[in-house]
*Asks:* 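Here's a structure for you.
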Amino acid sequence: MGAMTSRSRVRTARLVLGGIAVVYLVAFVSLAVQIDGLYGSRGILPVGDYLQWIHERAGADAWRVHPTLFWLSSSDLALKACCWAGAGSAAALLFGFAPPLSAICCWVLYFSLFQVGRVFLGFQWDILLLEAGFLAIFLAPLRWRSHVEFDPEPPVVVIWMFRWLLFRLMFSSGMVKLLSDDPTWWGLTALQYHYWTQPLPTFPAWFAAKLPQWFQEFSCLLMFVIELGVPWFVFGPRLLRLSAFVALVFLQLLIGWT
């Protein structure tokens, strides 16, 4: 039973690393095809101008105040090289090649982009990727080639840090709505406006907006139950953790769908 539990944790760690690698890969490739227009020398927010502005104010300490690899070079070629090197590192992590090194490269390269990203890379998911990616460095097995049958069991402290990250993400998502003192959240009426005011509406959102008021209020209440109550289950025994997994994934699928 102990061996089965150990291999189960290794398989789970491999899935988590693979998931983070996929997110990294999408992020780096997405930036690679847009980087010239966003941060290039003729882009909307040129990196070179931004770093020069920082250097004028911070002087010799600029690189410590705002650490990024682009202090070495902020040319258009360097920007693209960073993105494609990140995509390559993410692919290596996905397929289990030098996992710790690949995870470190992904994090350093994305952190460098984040440091100069400003408005285009200043969302909560960018910070979430960096935090999850940092933990991934310590979750990655110390092997040149990862294999589920031979990888060591992931450190317990790292597993708990991922649980803590998940708890903070979901619980704070619910609390921030209530702490905003917005009457639509407290009155469970927010979904009556959400579907047609969100920035990226999906096709099913049009139908979701037509649902009756009682269903919208019930959906809002269910969301609060999942965001504020279910995250505590991640610290419980296996059955509670599995229940939390089902509920949290269910919520994310509904959010993605609508």
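Here the structure is a predicted model, which is why all the values come from computation and not from measurement. Counting from 1, the numbers follow the sequence of the chain as shown.
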*Asks:* Taking it one step at a time, do L113 and C82 satisfy side chain to side chain contact (heavy atoms under 4.5 Å, CB included)?
*Replies:* CA-CA 8 Å; L113 289 163; C82 179; 3.8 Å; yes
*Asks:* Under 3.5 Å, side chain of W206 to main-chain N/O of T202, donor-acceptor pair present?
*Replies:* no
*Asks:* Give me the atom names and distance for the closest heavy-atom approach of A140 to L17.
*Replies:* CA-CD1, 3.7 Å
*Asks:* Closest approach of P231 and I226, non-hydrogen atoms and distance?
*Replies:* CD-O, 2.9 Å
*Asks:* Does atom CH2 of W160 have more than 12 heavy-atom neighbours, drawn from other residues, nucleotides or ligands, at distances under 6.0 Å?
*Replies:* yes
*Asks:* To the nearest 0.5 angstrom, please state how far the CE atom of M161 sits from the CG atom of L135.
*Replies:* 5.5 Å
*Asks:* In the structure I gave you, are the side-chain heavy atoms of W84 and V29 within less than 4.5 Å of one another anywhere?
*Replies:* yes
*Asks:* With sequence neighbours excluded, what pairs up with L191 under the side chain to side chain contact (heavy atoms under 4.5 Å, CB included) test?
*Replies:* H194, Y195, Q216, S219, C220
*Asks:* Counting only heavy atoms not in Q124 (residues, nucleotides, ligands), do more than 12 fall under 6.0 Å from its CD?
*Replies:* no
*Asks:* Filter on salt bridge (Lys or Arg N to Asp or Glu O under 4.0 Å), then keep only pairs touching residues 21-38, sequence neighbours left out; what's left?
*Replies:* D36-K80
*Asks:* Using the side chain to side chain contact (heavy atoms under 4.5 Å, CB included) rule, take F111 and F134 through it: C-alpha gap first, then chi angles, then the decisive distance, then the call.
*Replies:* CA-CA 10 Å; F111 180 75; F134 185 77; over 6 Å; no
*Asks:* Can you check side chain to side chain contact (heavy atoms under 4.5 Å, CB included) on W125 and L129, steps first, answer last?
*Replies:* CA-CA 6 Å; W125 41 81; L129 177 56; over 6 Å; no
*Asks:* Same hydrophobic cluster for V156 and L165, using side-chain heavy-atom links shorter than 4.5 Å among ILVMFWY?
*Replies:* yes
*Asks:* Under a 3.5 Å distance rule, please check whether R145 uses its side chain to pair with a backbone N or O of A98 as donor and acceptor.
*Replies:* no
*Asks:* When rounded to the nearest 0.5 angstrom, what is the spacing between CH2 in W257 and CZ in F203?
*Replies:* 10.0 Å
*Asks:* With a 6.0 Å cut-off (strictly less than), is the heavy-atom count around CZ of R57, excluding the residue itself, greater than 12?
*Replies:* yes
*Asks:* Side chains of L248 and V230: does their closest heavy-atom pair fall under 4.5 Å?
*Replies:* yes
*Asks:* Starting from L15, can I reach L253 by hopping between I/L/V/M/F/W/Y residues whose side chains sit under 4.5 Å apart?
*Replies:* no
*Asks:* For L45 and G117, work out which heavy atoms get closest and say how close.
*Replies:* CD1-O, 4.5 Å
*Asks:* Answer yes or no: is there a donor N or O on one side and an acceptor on the other, between the side chain of Q198 and the main chain of T258, under 3.5 Å?
*Replies:* yes
*Asks:* Please answer whether the main-chain N or O of S75 pairs with a side-chain N or O of S41 as donor and acceptor at a distance below 3.5 Å.
*Replies:* no
*Asks:* Going by the side chain to side chain donor-acceptor pair (under 3.5 Å) test, which pairs reach into residues 105-122, not counting sequence neighbours?
*Replies:* Y110-D126
*Asks:* Output the distance between atom CG (L31) and atom CG (L109), rounded to the nearest 0.5 Å.
*Replies:* 11.5 Å
*Asks:* What are the two closest heavy atoms between L251 and M170, and how far apart are they?
*Replies:* CD2-CE, 4.0 Å
*Asks:* Calculate, to the nearest 0.5 Å, the distance between atoms CD1 and CZ belonging to I159 and F162 respectively.
*Replies:* 10.0 Å
*Asks:* Hey, what do you get for NE2 (H55) to CH2 (W63), rounding to the nearest 0.5 Å?
*Replies:* 12.5 Å
*Asks:* Enumerate the residue pairs fulfilling salt bridge (Lys or Arg N to Asp or Glu O under 4.0 Å) with a member in residues 156-184, sequence neighbours excluded, ordered by first and then second residue.
*Replies:* E131-R168, K177-E227
*Asks:* Determine whether F245 and V234 make a side-chain contact, defined as any pair of heavy atoms from C-beta on separated by less than 4.5 Å.
*Replies:* no
*Asks:* Decide whether W164 and I137 are clustered together by the hydrophobic rule: side chain heavy atoms of Ile, Leu, Val, Met, Phe, Trp, Tyr closer than 4.5 Å, transitively.
*Replies:* yes
*Asks:* Does F218 reach the side chain of L188, with side-chain heavy atoms less than 4.5 Å apart?
*Replies:* no
*Asks:* Side-chain heavy atoms under 4.5 angstrom apart, residues restricted to Ile, Leu, Val, Met, Phe, Trp, Tyr: same cluster for L93 and L128?
*Replies:* yes
*Asks:* Going by the side chain to side chain donor-acceptor pair (under 3.5 Å) test, which pairs reach into residues 17-26, not counting sequence neighbours?
*Replies:* none
*Asks:* Between P152 and P141, which heavy-atom pair has the shortest distance, and what is it?
*Replies:* CD-CB, 3.9 Å
*Asks:* Please report the C-alpha distance between I44 and Y39 in whole Å, then the side-chain angles of each, then the deciding distance to 0.1 Å, and finally whether the side chain to side chain contact (heavy atoms under 4.5 Å, CB included) criterion is met.
*Replies:* CA-CA 6 Å; I44 299 172; Y39 303 114; over 6 Å; no
*Asks:* I need the D76 CG to I35 CD1 distance, nearest 0.5 Å.
*Replies:* 9.5 Å
*Asks:* Over 60° means perpendicular and under 30° means parallel, so tell me whether F167 and F235 are parallel, tilted or perpendicular.
*Replies:* tilted
*Asks:* Do I54 and W71 come within less than 4.5 Å of each other through their side chains, counting heavy atoms only?
*Replies:* yes
*Asks:* Within the 4.5 Å heavy-atom criterion, are W185 and L179 side-chain neighbours or not?
*Replies:* no
*Asks:* Do R143's NZ or CZ and the ring of F150 fall within the cation-pi criteria of under 6.0 Å and 45°?
*Replies:* no
*Asks:* List the atom of F28, the atom of C83, and the distance in Å for their closest heavy-atom pair.
*Replies:* CB-O, 3.5 Å
*Asks:* Do L101 and L142 belong together in a cluster built from hydrophobic side chains that touch within less than 4.5 Å?
*Replies:* no
*Asks:* Does V10 reach the side chain of P154, with side-chain heavy atoms less than 4.5 Å apart?
*Replies:* yes
*Asks:* Looking at residues at least two apart in the chain, or sitting in another chain, which of them share a side chain to side chain contact (heavy atoms under 4.5 Å, CB included) with L178?
*Replies:* W186, F224, L228
